Amino acid sequence: MESTLNFQLLDVSYEIVNNTPIINLWGRDLNNKKVLLIDTTFRPYFYLLLDKDSNSEKIKQEILSRSKTKSPIINIEEVNMSYIGRPAKAIKVTTTIPESVREYRETLSSIEGVKDALEADIRFSFRYTLDKNLYPMRWYKVNVKPLEKKTNYRVDEMYEINGEITEDENRVNVNPLDGLKIMAFDIEVYNPQRTPDPSKDPIILISIKFNDNNDTILLEAKGHDDSEIIHKFIELIRKEDPDIIIGYNQNKFDWPYLIERSKLYKIKLDVGRKVDSVPNPSVFGHYSIQGRLNVDLYDFAEELQEIKVKSLDEVADYLGVKPKDKRVNIDWWLIAQYWDDIEKRNTLKQYSIDDVESTLGLAYKFLPFGAQLSIISGLPMDQVVAASVAFRLEARLMREAKKKSELMPNRIERNIESYTGAVVLKPEPGIHENVAVLDFASMYPSIMVKYNVGPDTLLKDGDACKVRNKAPEVNHEFCADNPAFMRLVLERFLKWRSEIKKAMKLYKEGSSEYNLLNERQKAIKVLANASYGYLGWGAARWYCRSCAEAITAWGRDLISQSINFAKSIGLKVYYGDTDSIFVDNNKEKIEQVINWITKVLEFDIKIDKIYKRVFFTEAKKRYAGLLEDGKIDIVGFEAVRGDWSELAKEVQSNIAELILKTGNPKKAIEYVKAVIEDLKNGKIVLDKLIIWKTLTKEIEQYEAETPHAYAAKLMEKYGYKVTAGSKIGFVIIKGSGSISKKARPYFMVKESDIDTNYYIDKQIIPSALRILSYFGITEKDLKVGSKQPSLFDFLDSS
DNA sequence: ATCTATCGGGG
DNA sequence: GTGTACGATAGAT
């Protein structure tokens with residue numbers, strides 16, 4: 001009855017049955033049947049690192065004597081591996097129950113002669129994919145034995161794994177998403193108190209859309225009763241059986257809310273492919289659903305550097321998925337009103353439909369990249385998108401370590417000490433015409449490869465080594481006798497990426513083959529570029545402060561030398577930051593600089609962009625420029641956040657629009673002055689002055705007197721209920737004392753009480769200057785009356 | 001200058 | 001589930 005099965009791995013989990021762990025591999029076969037493969041043979045293990053001169057026989061006896069019956073130690077084996085690049089003596093300890101590893105880690109590491117317990121902090125299901133070299137989203141082949149279908153799994157077929165799992169070489173370049181069923185969903189909740197409370201405020205709408213059906217499904221509550229739509233939602237997921245469930249910020253809102261509501265009705269949110277399993281909060285604040293990938297698209301949006309406000313409507317607008325002016329927009333605090341007003345209810349329904357359509361549209365943009373991140377890093381797609389770049393790289397490093405029989409260091413918490421960073425030149429303030437920006441290609445990874453940087457090659461006093469690379473300034477030395485672990489990984493990435501780029505040339509730009517490879521090379525680049533930051537990340541297993549310090553020192557040296565060379569041949573340098581230099585756009589001299597850097601320094605540098613005009617203030621890392629195609633580039637711009645007044649947010653978005661559309665900062669100044677006048681004349685409605693801030697703990701627990709805590713205390717005094725999680729809306733009123741003491745709940749205040757100076761100085765002006773300072777505009781220019789001749793006319797292109 | 005609290009996305 | 005982010009900023013002290 002044995003046969004070979006080709007399957008695509010989607011997710012991995014495990015369960016304990018009869019006191020033994022069973023690995024569950026969730027996937028689909030070539031006929032798109034949903035399959036569950038089980039492996040009953042895998043057991044948890046970890047290593048004990050021994051002192052060099054320890055008596056391993058004695059230690060082995062000690063280990064066995066500490067075996068517990070509820071999860072016995074079933075094997076111990078002395079192994080010769082390496083640790084941080086040096087030979088290491090270790091004992092591999094295998095037990096039965098994954099949860100017991102934590103306990104054994106403690107009890108066994110106290111044995112004399114045992115230096116440390118290693119690899120005891122790796123999640124069991126991840127350990128499986130690590131050891132079997134499995135990458136979610138890839139296709140595999142394996143010998144299997146069909147199992148009689150169990151009733152407690154919602155899959156088409158179940159198999160028991162019987163043999164080695166190998167990659168299906170014929171399906172390396174197929175689109176991993178082809179044929180997978182995707183479900184987008186979004187909930188709207190009733191929020192009469194503005195901050196919705198899941199213990200009393202119902203879910204009023206659930207909108208759902210699948211990738212294989214054009215119709216949008218809208219589940220509507222009966223008045224204020226949402227029990228029926230929750231049931232319908234669960235039934236729908238089970239009936240349609242999506243492989244991927246997507247939402248926008250559903251990990252922080254929709255799932256927790258749905259879970260609270262269903263608890264209230266004692267409904268089991270049984271939406272996974274394992275019967276009776278509910279969405280489970282897991283690593284990175286992510287919810288895992290058995291057998292399905294729950295992907296939060298907000299995680300992708302976070303990585304968009306080009307836009308600052310990452311709300312669903314903004315992101316969908318920016319990416320051309322759904323223009324803002326072609327959809328219904330409703331302020332969040334008005335949702336309850338729209339629901340209660342039967343005439344407005346249809347507008348709210350359309351709003352919900354627009355949201356879910358945007359969400360599915362974004363999935364088409366983002367998931368191809370997410371799938372490749374899984375293919376490269378080895379983390380399931382729902383986890384990899386939620387993880388930080390350093391964590392993604394680490395997942396891959398762990399696989400590489402496993403292949404090399406290198407013991408993995410533990411994840412520990414460190415207080416990281418800061419070190420000198422990159423060179424950032426003081427920009428030459430003012431307007432400069434025709435400026436070219438030269439960029440080093442992957443500067444930090446290149447430094448790591450060239451100088452063989454890594455924790456394993458870092459030399460300590462007295463270490464023997466023939467060829468040494470010494471970093472300038474900091475003087476850390478790295479041995480070049482053998483390749484560093486990090487270098488091997490990076491070189492593999494570089495080679496892989498250049499092969500992909502070569503293969504891409506065989507296809508038409510925009511074709512599905514081309515796009516797939518393009519997403520893959522992007523995923524590799526993301527991991528490679530995380531390498532420097534990884535070494536300086538406090539939680540990194542291969543943390544190496546000296547490495548990070550040396551890398552930036554080499555980087556500073558590199559850029560200073562380049563700048564000096566440019567100056568020596570008479571090329572004007574305006575500014576430099578980390579891995580880029582801004583120079584006069586003199587083609588001939590730039591070519592000389594590029595040649596010199598390539599030949600003498602042996603690094604790659606290229607022209608990244610050319611500004612027709614660029615404007616610098618004294619501030620580093622913040623400038624505005626006019627590109628050759630007429631676009632305005634504002635670099636380093638920080639948007640005001642949600643804890644600013646509506647007025648401040650409105651001022652900023654209007655200024656951004658004025659500048660990007662008219663290209664004239666003078667118009668923006670007039671606008672700001674007009675707003676200030678309006679405020680002084682009481683023409684701004686109070687609603688726009690409210691500042692919303694969340695209480696993160698109970699009011700008594702606040703030690704510091706913050707404005708929102710002060711306002712919350714006042715609310716409590718007047719009989720309102722405030723708890724952790726409440727959003728407090730306050731305004732600042734006239735008077736003396738600290739700002740906190742002048743904070744009042746917005747509904748207890750008249751417009752005439754408002755401290756207009758606070759709003760001018762702390763809200764309108766700072767918010768406006770976040771953009772206008774790039775154009776040389778100062779606070780003085782914005783105060784009514786002052787007439788400053790314009791430094792900033794430079795964008796009035798003639 | 002240092003410490004404490006909060007934001008983000010969602011509704 | 002062998003486990004829980006991060007970098008920036010305002011206001012108080």
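Chain letters run A, B, ... following the sequence lines, proteins first, then strands; residues in each count from 1. If you're wondering where the values come from, they're calculated on a predicted model, not measured in any experiment. For the numbers below, each heavy atom of this structure counts, side chains included, while hydrogens, waters and symmetry mates do not.
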Work out how far the P atom of B/dG11 is from that of C/dC6, and round it to whole angstrom. 27 Å

In whole angstrom, give the distance that lies between atom CG of A/Asp313 and atom C1' of B/dG9. 11 Å

Contact class for A/Tyr248 vs. all strands (heavy atom < 4.0 Å): base, sugar-phosphate, or nothing? sugar-phosphate

A/Lys649 NZ/CZ over A/Trp692 ring centroid, <6.0 Å and within 45° of normal: no

Which part of the nucleic acid does A/Asp355 contact within heavy-atom distance under 4.0 Å: base, sugar-phosphate only, or nothing? sugar-phosphate

Between A/Asn280 (CG) and C/dT4 (P), how many Å, whole number? 15 Å

Across the strands shown, which category fits A/Glu119 at heavy-atom distances under 4.0 angstrom: base, sugar-phosphate, nothing? base

Tell me whether the rings of A/Phe185 and A/Trp255 are parallel (<30°), tilted (30 to 60°) or perpendicular (>60°). tilted

Mind checking the P distance from B/dG10 to C/dA5? Whole angstroms is fine. 22 Å

Per nearest nucleotide of DNA chain B, the residue lying toward the 5' end, A/Lys727 or A/Leu695, is A/Leu695

Which is true for A/His286 with a 4.0 Å heavy-atom rule: it touches a base, it touches only sugar-phosphate, or it touches nothing? nothing

Rounded to whole Å, how long is the line connecting atom CG of A/Asn249 with atom P of B/dG11? 8 Å

Can you tell me how far P of C/dT4 sits from CZ of A/Phe391, to the nearest Å? 8 Å

Over how many whole Å does the gap from A/His708 atom NE2 to B/dC7 atom C1' extend? 11 Å

Can you name the residues that form a salt bridge (charged side-chain N to carboxylate O under 4.0 Å, His left out) with A/Arg127, not counting sequence neighbours? A/Glu119, A/Asp131

For A/Arg392, what residues pass the side chain to side chain donor-acceptor pair (under 3.5 Å) criterion, not counting sequence neighbours? A/Glu303

Rounded to whole angstrom units, what separation is found between the CD atom of A/Glu302 and the C1' atom of B/dG9? 8 Å

Phosphate OP1/OP2 of B/dG11: any A/Tyr351 side-chain N/O under 4.0 Å: yes

Answer with yes or no whether the side chains of A/Asn346 and A/Gln350 bring together a donor and an acceptor at under 3.5 Å. no

Kindly confirm whether the side-chain ring of A/Phe253 is stacked on the base of B/dG10, judged by centres under 5.5 Å and planes under 30°. no

State, without any angle test, whether A/Ser282 and A/Asn280 hold a side-chain donor-acceptor pair at a distance under 3.5 Å. no

Nucleotide by nucleotide, 5' to 3', does protein get under 4.0 Å of the base (B), only the sugar-phosphate (S), or neither (-) in nucleotides 6-13 of chain C, counting heavy atoms? S-BSSSS-

Touch check for A/Asp186, heavy atoms < 4.0 angstrom, all strands: base, sugar-phosphate only, or nothing? sugar-phosphate

Between A/Asp382 and A/Tyr287, do the side chains contain an N or O donor and an N or O acceptor separated by less than 3.5 Å? no

Does either side chain, that of A/Ser645 or that of A/Gln763, offer a donor lying less than 3.5 Å from an acceptor on the other one? yes

Separation of B/dG11 atom P from A/Gln250 atom CD, nearest Å, is 11 Å

Nearest of B/dG9, B/dC7, B/dA5 to any side-chain atom of A/Thr694? B/dC7

In whole angstrom, what separates A/Asn329's CG from B/dG10's P? 11 Å

